[in-house]
Structures are given as C-alpha cells and as structure tokens.
Amino acid sequence: MSSTLPQIPTPKFDLSVIQAERTDGYWVETFFIDRKDKFPSLIAYGLVTGEICVFDNPRNTHPTPIGPDDPEPPWKRYLIANLNSPVAVCPADCAGNGQRDILITHDYGATFLDTDPKGGLLSWLENPGRREDGGVHEDWKRRFIGRWPSMHRLQAGRFTQRAFLEIVALPITHGPFDIETPIPIFLYTRDAKSLDNVEWKTSVIDDNYFTLIHECTLKSFEGHEGLQSMLIASREGVNLLYYDTPTQSWKRELINPGMPKEPGKDYYGCACVNAARVGNDPAAFMMTVDPFHGGTVTALTKRGTGPGTYEWVRHVLDVYGDPKQRLDKGDGPGHHIAVGDFDGDGDEECLVALFGPNPGKGVYYYKALDLDRGIFAKWKVADESAARIAVGHFTGNPTLDFATIGYNVPKYYEEKHPQLNLYKHSFPLRATPATAAGQIIATIWDGEPLYHLPLPTKISSPITLDILNISGYLVSVKIYPAGFTEEDISRNVVAGEGIKVLYGQVKVGGKKYASPVTGNSPKDFSRDIRLPDVNSSDGSKLPFVVGPTGAVILRFKPLNGAAYTTASSGRYPTAQSVIVQSLFAPTYPTLQLPSVAGGPGHGVGVKEVSTEEWEGDDVDLEGVHAEAIRTKGFSKFLGASARFRFLDGVGRVGYEQKEICGVDFYAIAGGGTSGTKSYASTTSLTTHLCLSNGTGGGAGILALRAGASVLSASSFDKIPLGPLRETTGLWERGKDGKAVVKEDGSFVHPDWKWQSGDGGNGVDVWAAFEFNPKLVG
C-alpha cells in the first residue's frame with residue numbers, strides 16, 4: 001500500500017457545555033426549529049422533571065457570523081411542554097405544513113418493568129414556528145395519537161407507501177412486569193385530518209415475536225422500493241423489519257442473535273444497533289451494544305457464502321462496565337450508537353454512548369479498517385456521561401459535530417452532574433479510505449497501539465515484531481506455534497535477556513516460563529524472567545520448547561552502546577532522561593498515534609500521574625486511601641503502552657477469548673510512591689515487572705493486608721523487585737490454583753502500590769500488565 005495516502009487523523013472534538021448542572025438527563029435530539037433555519041438546534045429532557053426543552057442554536061439568530069475559533073455563545077432554553085416521564089422523541093411534519101413537529105412517548109412509569117398500566121401515551125407537539133423577534137414559542141399544543149402501556153421507542157417515515165407520514169411505535173415490554181409475552185408493534189398513519197383526529201389510524205405490524213425492545217433505528221436501504229425500514233434491537237437480537245410490497249406484508253430478517261441466552265439470565269440479545277456505510281454499501285457493517293443496558297460492543301460484518309449471498313459475523317470489540325454491570329442484569333452502561341462520516345472519507349464511523357460510571361463513561365469513536373477480519377481502530381472522544389448522541393452540522397462547517405446529554409434516571413444510574421454538551425469537530429478531514437493485511441496487525445485503540453496476533457495454532461513458524469525501546473531494552477512480541485522446539489538458542493540470546501510470557505508456556509534450558517493466569521503461580525511471589533546463562537564455547541546448549549497451546553511472549557533484549565550503559569545499573573536520574581522510543585509501525589500506514597510532549601521524543605512523552613487518574617474519579621479518596629505522598633515523583637510514559645489481542649477467538653469467538661493483556665510503563669523517583677491502587681472491584685489480573693532499579697534496595701510492590709484500616713508500613717506485605725524480576729500476581733487462588741471470583745464478578749485482589757527504594761539517586765522504571773483472566777493458555 002502506498003505510504004503517500006493521507007493519514008487517518010486522530011479524531012478530536014472540542015467540548016462546549018450548553019447546560020451545566022442539570023437535575024436529570026435522558027434524551028437529546030437534533031432538531032430544526034423553523035423551516036428557514038440553517039443550523040440545527042437541540043431537543044433535550046430527562047424522565048424526572050419531564051421538562052421538554054428546545055435549546056436554540058445561536059447561529060440562527062446571532063447578529064454576526066460565529067467563527068470556528070469564536071467562543072460558543074449561550075444556547076437559549078425554551079420550555080415547550082411538561083410531560084410525565086417522557087421517553088423517546090422523533091421530529092416529523094405531523095401537521096403537513098412543512099414545519100417539523102415533535103413526536104413523543106410519555107407517561108411511561110417508574111422503570112421498564114414497573115410501567116404505568118394507564119400510560120404509554122404517544123403524542124405530538126405542534127410546532128408554531130419562531131416568534132417575530134426570532135425567539136421560540138413555549139407551551140406547544142399537544143395532540144394525541146395512541147397508547148399502549150410501556151410505549152418506548154418510535155420512528156417516523158414512509159414504510160408501506162410514500163403518500164402519507166407513518167409512525168412506527170414500539171413498547172419496551174408487553175406490559176407491567178411482563179418481559180415474556182411478545183410485544184405488539186404499531187403502525188400509525190397520518191391523513192389529511194390529522195389536526196382534528198381524536199386518534200390516528202392504527203394497525204399492528206407484529207405481535208408474536210419481539211420481547212424487550214430497547215432500540216429502533218430508521219434506515220433507507222436499497223432494494224426496498226424506496227420505502228424505509230428499521231433495525232430492531234431486542235432480546236431476539238438484531239432484526240431488519242420492513243414492508244414487502246410484492247406480498248403486501250411485513251417481513252423480518254434476523255441479522256444476528258446478539259448476546260447468547262444463558263440459564264438464569266433475563267437479559268440477552270441486543271440493546272442498541274446502527275448500520276454504517278462503507279463505499280457504496282449502506283450497510284457494510286453494523287455496530288451493537290449487547291444485551292439490554294449492557295456493555296458489550298460488537299461489530300457485525302458480512303462474510304460471503306456464495307455468489308451474491310452472505311452471512312453476518314459477530315466480532316466482540318469491547319466489554320465496558322464495572323463488575324456489577326458486567327453481570328448483564330440491565331444496569332448499564334451502553335445506551336446508544338450514532339453513525340456519521342466524521343473524517344470526510346465517504347465512509348461512516350460509529351460513536352458509542354456510555355452513561356457510566358467510570359471506566360464505562362463517555363463516548364468512543366470506532367473506525368473500520370478491515371471488515372473481512374473485523375478490525376477497527378478506537379479513540380475516546382468524550383469523557384462525560386452520555387445517554388444519547390445527536391449528530392449534526394451544529395457549527396455550520398462541512399464537518400459533523402455531535403451533542404450528548406448525561407444520564408440521570410432514578411433506579412438505573414444517576415450521574416452526579418449531568419450536562420448537555422456540544423462537541424465541535426476540530427480535526428482535519430481525510431480523503432481516501434485504506435485497507436491493509438498482515439500477520440501481526442498493528443492498529444490504534446483509544447490512543448494506544450493495539451496488536452492483533454494470529455493464534456499460535458494457526459501459524460507454522462514463529463512471528464516477531466519489535467514494538468518498543470525502553471530503559472535499555474528492545475521489547476519485541478513473538479508468537480510461537482504449538483509444540484515448536486529449537487535444539488539450541490544460545491547463539492541468539494544476549495546476556496541479561498528476559499522473556500515475559502503473555503499466553504501459554506515455554507521451557508528454556510529446563511526453566512519454565514508461563515502465563516500468570518494459568519493458575520500455576522503462587523500468590524505474593526516474585527520470579528526472575530531472565531534466560532539461563534550458557535557457555536556455548538564448551539558445547540553447552542540452551543534448548544527451547546513451546547507448550548501444546550503455543551505461546552506469546554514479550555522479549556526484553558538488552559541494547560548495546562554508550563547511551564544504554566545506565567540500564568543495567570539503573571541510574572537514570574529522572575523520568576525524562578529514560579531513553580524510550582516507540583517502534584509502532586501501523587499495518588495501515590495512514591494511522592497515527594496522538595502526538596505527545598514533555599518527554600524524550602520518538603513518539604513517547606512523560607506525564608506525572610494524578611491521584612484521580614490512578615484511583616479513578618468515582619473512587620472515594622477518603623479513609624484508608626488518603627495518602628499524602630501517593631503520587632510523589634510518579635510518572636507514566638505516554639505512547640509506550642500496548643494492548644494485545646488475538647485476531648481469532650480461542651474456543652468460541654468473543655472478547656473474553658480474544659483479549660490477552662495490556663501493559664503500561666511507569667517511572668518513580670526516590671522517596672516516592674504510586675499511591676495505593678484500589679482493586680476492590682477489579683475484573684482483570686495484574687502483574688508487575690521491574691526494568692530498572694534506580695532508587696536502591698527495597699523498591700517494589702507493596703500489597704495491602706486484608707482488614708487494614710490505616711496505611712502504615714506494617715499494613716503491607718513487601719515484594720522487592722530488581723531488574724527483570726516480576727510478581728506472579730497478588731490475587732487469591734482457590735484450591736484449583738485459579739483466581740477466586742466474588743459474587744459481583746470481580747476478584748479477591750489486595751490493593752497495592754509501587755514503593756521506591758531506600759537509596760540511589762535514580763528512578764525506578766517498571767511495567768504493569770493487566771491480563772484477561774478468562775483467557776487460559
């Protein structure tokens with residue numbers, strides 16, 4: 001592939017707060033107040049106050065043009081209705097006068113189970129247009145359309161004909177506390193007397209298939225004779241629902257069943273779905289969040305099965321949420337997916353809204369790179385709680401912006417400070433899409449390198465890729481096929497070289513090296529990862545044997561030269577003096593890592609780690625974790641982190657079988673500490689590796705003893721670590737050697753910190769590995 005193609009830009013959106021300190025938040029929608037408006041405004045509201053508000057884009061009435069670099073003027077708020085528990089909105093011309101009115105479902109009830117048996121109203125709010133002074137009329141007239149208990153989502157379009165407006169309305173359940181009975185999906189048709197009708201003409205589209213419908217996405221796919229269709233996300237998975245003109249009947253087509261049904265679980269299938277265009281295909285792939293209020297983000301791609309035929313393949317990309325949310329009991333954090341061509345290359349990207357708490361909070365941007373293999377790049381483009389996403393040209397530029405509203409709904413999730421936010425596009429456009437192939441595929445995932453590795457069982461010879469120079473070591477990832485052996489590797493081994501096994505196990509000269517999640521490593525223990533010394537001159541050999549599953553290792557090879565002579569002695573005086581060079585070479589040359597500053601260069605920067613970054617902004621920092629020196633001299637090497645994932649699943653295809661681990665690199669000065677890292681709700685297994693010991697003896701990991709109430713020296717168990725020495729994991733093991741799992745899905749794992757040594761005038765350089773505990777190799 002030509003390297004002259006323009007780079008895929010790092011997406012960036014500038015935050016402008018439209019409304020701060022809301023009391024609730026649920027829905028935001030793009031809306032043109034008047035047919036003459038050039039810029040879209042917003043509809044926003046929550047379920048508690050029921051205040052349906054229009055936020056007027058100031059660019060429609062501002063006396064002078066607003067430039068891209070000008071401060072965002074205030075968006076005026078207008079209260080157009082006050083309804084009991086409003087849910088979904090859809091703009092449409094119900095009056096037939098060319099002005100967009102507002103369709104809305106309301107009188108929903110307390111929760112999706114405890115719905116109002118007398119509610120479930122579907123109404124429309126008549127848009128009177130702007131006032132003479134350019135402002136917005138308040139108290140819009142409400143007109144009734146129909147009702148069904150638990151009415152939830154709706155879409156407006158031309159579904160069976162093109163003469164009149166039609167509305168499809170979808171309850172979330174059949175009725176109060178009933179998630180088993182199939183849900184009736186209704187079609188309402190506007191006629192010339194819609195202003196006078198007591199209730200619109202109604203018919204039932206389907207009432208014998210769908211249960212627990214969370215989302216309905218409007219699409220205009222080719223092949224449906226110009227009529228519109230819908231993607232339905234429900235417990236049955238993703239279905240395409242459309243009207244078939246030749247047979248004069250509604251058809252549904254199962255795209256994918258989504259999250260598999262498991263015994264004892266009420267929530268499975270799909271919660272959110274959207275389809276994205278790539279090239280000339282309006283549905284080249286789909287993105288989902290599974291199951292209802294779940295956190296599993298997937299991509300559905302097409303795999304050819306014959307001439308003109310294909311099947312949909314599900315690729316699990318991410319699993320978000322805290323341990324409780326990952327149990328899939330309907331409490332978050334994924335809630336909406338929006339699509340748009342944000343980088344200007346003609347292909348659509350996806351935005352996924354997560355309402356929280358951290359780390360499952362914000363908006364993530366997904367870019368398709370290789371649909372045949374389900375490979376994407378990912379960036380986090382917003383940190384704030386997001387219940388829904390509204391996309392539009394809000395600033396008037398040719399680029400797309402987006403808006404979000406924080407999620408605050410009692411009995412679900414209540415964001416402490418929900419906001420209505422505008423994110424203005426602020427990165428260069430790209431002209432040409434790219435494709436690529438390779439055995440190790442290097443992409444970007446949330447601003448960091450992500451390496452897709454082939455399964456060891458699918459290769460016939462070792463594969464190696466250099467990824468990083470750090471602290472005097474060349475770091476390479478290497479994949480070995482199952483059962484691979486080499487009689488003697490001594491000539492290829494440098495004195496002081498070490499290997500960190502990420503997956504599987506190997507034996508080198510009789511010494512075993514294994515992944516820490518196999519259950520064979522004792523708790524509170526450290527080990528040397530250096531390879532045995534062999535004197536090849538006397539005929540000694542160093543055999544290398546790979547286990548039956550194959551293996552993935554990181555190789556730490558000492559570098560030669562005067563610039564690296566401080567590595568072995570560990571005498572880097574500061575974090576900025578540590579020699580670090582990213583060797584990230586993306587498979588798709590147009591990708592680029594975010595630029596970093598404040599460090600040694602070569603794509604790597606140094607940043608002091610704050611308490612909030614280390615412990616999380618949703619963690620209570622009082623009490624046992626209130627350390628005065630928690631982050632003294634503690635820095636992270638930006639751009640040096642990496643994640644590793646198998647391109648194919650181990651066992652059944654899915655995130656839990658694909659993800660291997662992630663690694664971050666840190667430095668800490670003498671007399672410093674990382675601060676105690678809370679692991680009360682961890683869903684990963686962490687090990688640590690020392691690269692350079694510049695603060696003297698005693699540097700290493702301190703693990704907090706169970707039941708400790710204060711952070712004194714006697715509260716911790718100490719595990720000293722010297723260069724190329726690692727912890728084997730601090731988590732509790734059962735009799736079978738596997739990690740002990742708590743009821744909420746997290747692990748019994750002590751809080752811990754890195755503590756510098758008691759002497760020396762340099763810094764410690766160390767790595768933290770977070771392993772996927774469900775990947776056993």
Side-chain angles (χ1 to χ4, degrees), residues 315 369-370 372-375 436-445 448-470 473-489 492-494 497-508 511-518 529 531 542-557 582-588 641-651 653-663 687 689 726 767 769-777:
H315 310 270
L369 299 178
D370 186 338
D372 290 338
R373 289 182 283 189
I375 297 174
Q439 288 185 299
I440 295 180
I441 299 176
T443 66
I444 291 175
W445 207 246
E448 298 176 346
L450 168 62
Y451 297 97
H452 291 271
L453 311 180
L455 280 175
T457 55
K458 293 189 176 183
I459 62 175
S460 57
S461 59
I463 300 172
T464 303
L465 181 67
D466 298 337
I467 63 173
L468 182 70
N469 289 338
I470 184 167
Y473 294 98
L474 170 63
V475 184
S476 308
V477 60
K478 195 159 189 174
I479 307 108
Y480 289 95
F484 176 84
T485 61
E486 194 168 344
E487 184 178 358
D488 182 20
I489 64 169
N492 298 320
V493 173
V494 176
E497 180 175 336
I499 59 172
K500 168 83 173 177
V501 178
L502 306 184
Y503 174 78
Q505 63 181 39
V506 300
K507 279 188 177 181
V508 185
K511 182 178 178 180
K512 181 180 176 182
Y513 301 80
S515 164
V517 297
T518 57
I529 69 166
L531 296 175
L542 191 61
F544 184 90
V545 180
V546 178
T549 63
V552 177
I553 69 168
L554 284 188
R555 180 185 184 186
F556 291 85
K557 178 182 178 182
S582 173
L583 303 179
F584 175 70
T587 304
Y588 310 88
S641 302
R643 295 180 67 178
F644 302 94
R645 178 179 290 187
F646 283 127
L647 183 58
D648 299 301
V650 179
V653 174
Y655 171 89
E656 293 179 348
Q657 279 67 41
K658 282 187 174 183
E659 200 76 7
I660 303 172
C661 72
V663 58
T687 67
L689 173 66
E726 68 170 353
F769 293 81
E770 288 203 343
F771 283 87
N772 172 16
K774 297 184 179 180
L775 181 74
V776 178

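Throughout, numbering of the chain's residues begins at 1 and tracks the sequence.
- Within the 3.5 Å criterion, the main-chain N or O of A442 finds a donor-acceptor partner in the side chain of T587.
- Looking only at distances, no side-chain donor or acceptor of D466 sits under 3.5 Å from a matching main-chain atom of S476.
- When side chains are defined from C-beta on, V508 counts as touching L542, because their heavy atoms get closer than 4.5 Å.
- For the ring pair (Phe, Tyr, Trp, His ring centres under 6.0 Å) criterion with F644, the lone passing option out of Y451, Y503, W445 is Y451.
- Distance CD1/I529 to CD1/I499: 8.0 Å, rounded to 0.5 Å.
- The OG1 atom of T464 lies 7.0 Å from the CD1 atom of I440; values are rounded to the nearest 0.5 Å.
- When all heavy atoms of A482 and T549 are compared, the closest pair comes out as CB-C, 4.0 Å.
- Of the inter-residue distances, the one linking T485 atom OG1 with F544 atom CZ reads 10.0 Å to the nearest 0.5 angstrom.
- Taking CG of L468 as the start and CG of L465 as the end, the distance is 11.5 Å to the nearest 0.5 Å.
- Nearest heavy-atom pair across V501 and S515 is CG1-N, 3.5 Å.
- Here the OG1-CG distance, from T443 to L450, works out to 4.0 Å after rounding to the nearest 0.5 Å.
- Closest approach of G550 to P456, counting heavy atoms only: CA-CB, 3.6 Å.
- Under the 6.0 Å distance and 45° angle rule, K507 does not count as a cation-pi partner of Y513.
- When all heavy atoms of I479 and P454 are compared, the closest pair comes out as CG2-O, 3.9 Å.
- Here the CZ atom belonging to R373 is positioned 9.5 Å from the NE2 atom belonging to H452, to the nearest 0.5 angstrom.
- Ion pairing between R555 and E497 holds under the 4.0 Å rule for side-chain N and carboxylate O.
- By the 6.0 Å contact criterion, NZ on K511 is enclosed, its count of non-hydrogen atoms from other residues, nucleotides or ligands being greater than 12.
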